[in-house]
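The structure appears below as structure tokens.
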Amino acid sequence: MSDAATNTENSPTTGAEMAKAYSHEAVEAHWYDWWWEQGYFTPGRHSPKGPYTIIMPPPNVTGELHMGHALTNAVEDVLIRWRRMQGYDALYLPGEDHAGIAGQYVVEKELAQEELSRHDLGRERFVDRAWDWMNRYRPRIRYQLRRLGASCDWSRECFTMDPGPARAVRVVFKRLYDKGLIYKGERIINWCPRCMTTLSDLEVENEEEAGFLWTIRYPVAGDPNEGILVATTRPETMLGDTAVAVHPDDPRWQSLIGKEVILPIKQRSIPVVADDEVDLEFGTGAVKITPGHDPLDFEIGRRHSLPTLNILNLDGTLNENAGSYTGQTVSEARRGVVSQLEREGYLVGVEEHTHSVPHCERCGSVLEPIVSDQWFVRMPPLAEPAIEAVRSGRIRILPERFTKVYYHWMENIRDWPISRQLWWGHRVPVWYCDNGHRFASALETVPACEVCDSSNVWQDTDVLDTWFSSGLWPFSTLGWPDHTPDYDYFYPTSVMETGYDILFFWVARMIFQGLENTGEIPFHTMYLHGLVRDEHGQKMSKTKGNVVDPLVLADRYGSDALRLALATNSSPGNDQKFSDQRIEQAAHFANKLWNAVRFVLSYGGAEAAGGRQAALEVQDQHSPLANRWIISRFSRTVEEATRMLESFQLGEAGRLLQDFVWSEYCDWYLEAAKGALRSDDPQAREATLQTARLVLDGILRLLHPYMPFLTEELWQHLHGWPSRDESLPVDSRSIMKAEWPVPLGIDEEAESSFNTVIEAISRIRNARAEAIKDAPDNQKGETAKRRIEAIVVGGASTAMLRREADTLTRLAQLDPNKLSIVESLPPEQRPDKAVTLVMGEIEVLLPLAGLVDLDAERKRLQTEAEEAKGEISRAEALLSNEQFRVRAPAQVVDKERAKLAAAQERLAKLEERLLQF
RNA sequence: GGGCGUAUAGCUCAGUUGGUUAGAGCGCACGGUUCACAUCCGUGAGGUCAUAGGUUCGAGUCCUAUUAUGCCCACCA
């Protein structure tokens, strides 16, 4: 932050003013750049705690980061910053993905604006153009990650097309190729006529669409009066039919098995075959077989040695095998074929029918199944160890329910088509020579054939599925296949974190690639988060126009608010709806924190910094009760928050911390501390100031993973700007490198005593509010302002309450001159008309005569007595149950006994009091 | 056709080894210009935890079924 921005004289006084006075962007950029300059993001390799590694899922270099990225980075950065503070060598390795088909798509779109196609440029110039795009957009991604506060090590940044990862791709390909786990073969694949490439099943989006089911009659050869009825949703594919299949047991068609039928339009003779896969129930029970354009037909065709007839060009139009339909689109041909069938009397019927239609995930075009020669990864042998790694617990998938999804997919896995007919991506590292040899090579360029040494060699023209390189990401980023120091130290990684929507695409592939190629698991824990949806629960998408730009939110509310909102408003694996209200809430919290720091600083400033030791030394029995209470509460919070982070309950931990800060530290502790801070007793003042600072320092550190910028700014204020002190060791200058807080000790007695004070104050405030409500309108204001008289009957707590009289007086708005605290009070000394608050051994009498309706007060006491009775009978019933006493843990039973005793005591006092009405 | 998730206060959602009168934020009602904060403070109303069974001394939490809703997977032409 610039000096102008931190000049205390011109300093804004509230977080709100600060937000107005300075752009979040400037403050955040200041700290981010400074952290980077200090070297905080770059871990060493020598911590006694060892490494903690998260490899960032590389965002596609195809555009802007969206809310999903913001969530991913918030979650990952929370984990990294927390572990870094715990002393691990925490590596958060950033990178970007070349995005294969998506990357090519955006570049083509840009070209289209210049009325050019990639073919106008040719492959080489197109790839140059793609690199140009990447180089323009990568800085944008980097900038966005910085804005989000991602504490990643830019010195290790990777791009999937960098030389290192590219070599890893070739090495892996060659390995699998040489082991026979990658092969080339003719299979039926999904073809996108727009993108002009093969797609894997995962890249297909099936959509239910309304269509028709046509019934067509294929006459029996030589016996035109007989025929077989076939049902189809895609009649135009009949042009490629090479058989009709029926179920072997189907009585309707059994007599025709083995006979020939005439394919209408083409007037070609095709056989009727019997196959178990045919569903007796569906349609007419007879299926036209088009091995060239239907996956099931392809299988049946193979089983029966049927010829495969391809009727489509690669652009989706019909080819010369379609006769008079050549050159038409599929839908044109469909209309034509149907009307021709109708004209010629082959169409028997048509009915409405919804069926699922495959679309290209990227461009939305209807996909065509075609038979094509492609590269495949043989999956079953690779899937087996990948399943085992999860089953044995070596890899943990969170939330656990996703393990079932993972198993199901892995156990039914099919070979993975990895070649894409694109220009942008990793070239298939397979080479051919003029003598007909073929081999895979890990070299970027191959001078000669490995077999015959011919220098006339050329490389396969296809590129690899982008997920092929993504699958290597956990180790290709660390220098593999070389045993670099980074690879040896940081691999296997600790946590991989991503959305559940890419469990198959990415997670599954990283697991089998890691196991196969490195012999180790790629990560210990797989943490899956949910989707960020809009406020109506809709998926955000550009076409819907409901996309929220995280950076716009960061500008308006601050990155800290954005991160906190994203990280705390969800639970693992579940989608979250995101609305402005959520982030406003987080921004309010940031403001609250700012003000708490401002308050504490106003009583001592940074110069009072005595450190933890000094603060703890003033923590003795003479310290005000609130100090001991907040230290104890803080300790519990540290324990709880740490436990939650360890079990990946980031949302719960974040909420716990906010709650502690707001409801306990600010609402109770700081309010109570005002007494001591403003008192004449230097000892109490010092103890309280030190405690307030100590806990505040701990709060900032606990919150730092969630709100890095604000906590750094405030921590600097609190500690007298160590960031500007060149004489300090580098690691002492920032909250980023401060130690994760440890519990300072639980003080049961202080907690219970202060709880009594809290309860007394709450009950008095409550009674006062009731009185205000009952008061006539013109007296409400006066009643609200009035300091009231109180008699506190304290029993054994009398001494404690006397010591806390100031807190009681101020927070309950009592009149300090009319407060009496006594151990006991005989009935005859009790004021006649007083509200009586009964709580355990303590009673508070508020002579609110004239303010309170006595009938109402009697009713209130009666209601309370009824409640106490209810509680008593409930507890008695429970405790009289022998099973409960025997089987429930002693702790629970004791708790119930205590509750019963308390309720009985309360009831006795209430009844005694009621006698006076 | 399989599998998974969700159903808790008016709204959005927490609630991880089952412990006994269920929490938050927002909204709502009443009051408050207290020298950290009106992006605030105090008080309050509001829930048969989808329904029906079951297990258990005890169920929002475990089991079964049902309903609603969402998602994933799948070669019914």
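Side chains included, hydrogens not; waters and symmetry mates left out as well; all remaining heavy atoms used. Just so we're on the same page: letters track the sequence lines, and every chain starts at 1.
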Using a 4.0 Å heavy-atom cut-off, does [X] contact any base of the nucleic acid, only the sugar-phosphate backbone, or nothing at all?
X: A:A596; answer: base
X: A:P369; answer: nothing
X: A:N569; answer: nothing
X: A:Q649; answer: base
X: A:R401; answer: sugar-phosphate
X: A:W214; answer: nothing
X: A:V405; answer: nothing
X: A:D279; answer: base
X: A:R414; answer: sugar-phosphate
X: A:F504; answer: sugar-phosphate
X: A:E671; answer: base

Are OP1 or OP2 of [N] and a side-chain N or O of [X] less than 4.0 angstrom apart?
X: A:R678; N: B:rA36; value: yes
X: A:S571; N: B:rA14; value: yes
X: A:K674; N: B:rA36; value: yes
X: A:K577; N: B:rC13; value: yes
X: A:K899; N: B:rU21; value: yes

Indicate yes or no: at least one non-hydrogen side-chain atom of A:I761 is less than 4.5 angstrom from one of A:L808.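 Yes. Closest side-chain heavy atoms under 4.5 Å.
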4.5 Å side-chain heavy-atom contact, A:V532 and A:D575: no
According to the interplanar angle, ranging from 0 to 90°, do the rings of A:F504 and A:W409 count as parallel (below 30°), tilted (30 to 60°) or perpendicular (above 60°)? parallel
Just say parallel, tilted or perpendicular for the rings of A:F648 and A:Y527, cut-offs at 30° and 60°. parallel
Among [options], which nucleotide has an atom closest to any side-chain atom of [X]?
X: A:K773; options: B:rG44, B:rG5, B:rC40; result: B:rG44
X: A:N595; options: B:rC57, B:rA36, B:rU43; result: B:rA36
X: A:Q883; options: B:rC73, B:rA36, B:rC57; result: B:rC57

Between A:K674 and A:T807, is there a side-chain donor-acceptor contact under 3.5 Å, judged purely by atom types and distance? no
Would you list the pairs meeting salt bridge (Lys or Arg N to Asp or Glu O under 4.0 Å) in which at least one residue belongs to residues 875-894 of chain A, sequence neighbours left out?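 Counting only pairs at least two positions apart or across chains, the salt bridge (Lys or Arg N to Asp or Glu O under 4.0 Å) contacts touching residues 875-894 of chain A are A:D894-A:R897.
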Ring pair (Phe, Tyr, Trp, His ring centres under 6.0 Å) between A:H355 and A:F282: does it pass, once the steps are laid out? CA-CA 13 Å; A:H355 58 130; A:F282 192 88; over 10 Å; no
[atom1] gap between [N] and [M], integer Å:
N: B:rA24; M: B:rA45; atom1: P; answer: 12 Å
N: B:rU48; M: B:rA38; atom1: C1'; answer: 39 Å
N: B:rG10; M: B:rG53; atom1: P; answer: 24 Å
N: B:rC40; M: B:rG25; atom1: C1'; answer: 15 Å
N: B:rA65; M: B:rG5; atom1: P; answer: 14 Å

Between P of B:rA38 and CD of A:E584, the distance in whole Å: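 It is 17 Å, rounded to the nearest whole Å.
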Using a 4.0 Å cut-off on heavy atoms, which residues in residues 863-880 of chain A reach RNA chain B? List them by number, or say none. A:E871, A:R874, A:L878
Sorted by position of nearest nucleotide on RNA chain B, 5' first, the leading residue of A:Q581 and A:H408 is A:Q581
Looking at A:E646, A:E640, A:E639, which hits side chain to side chain donor-acceptor pair (under 3.5 Å) with A:R643?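 Result for side chain to side chain donor-acceptor pair (under 3.5 Å) with A:R643: A:E640.
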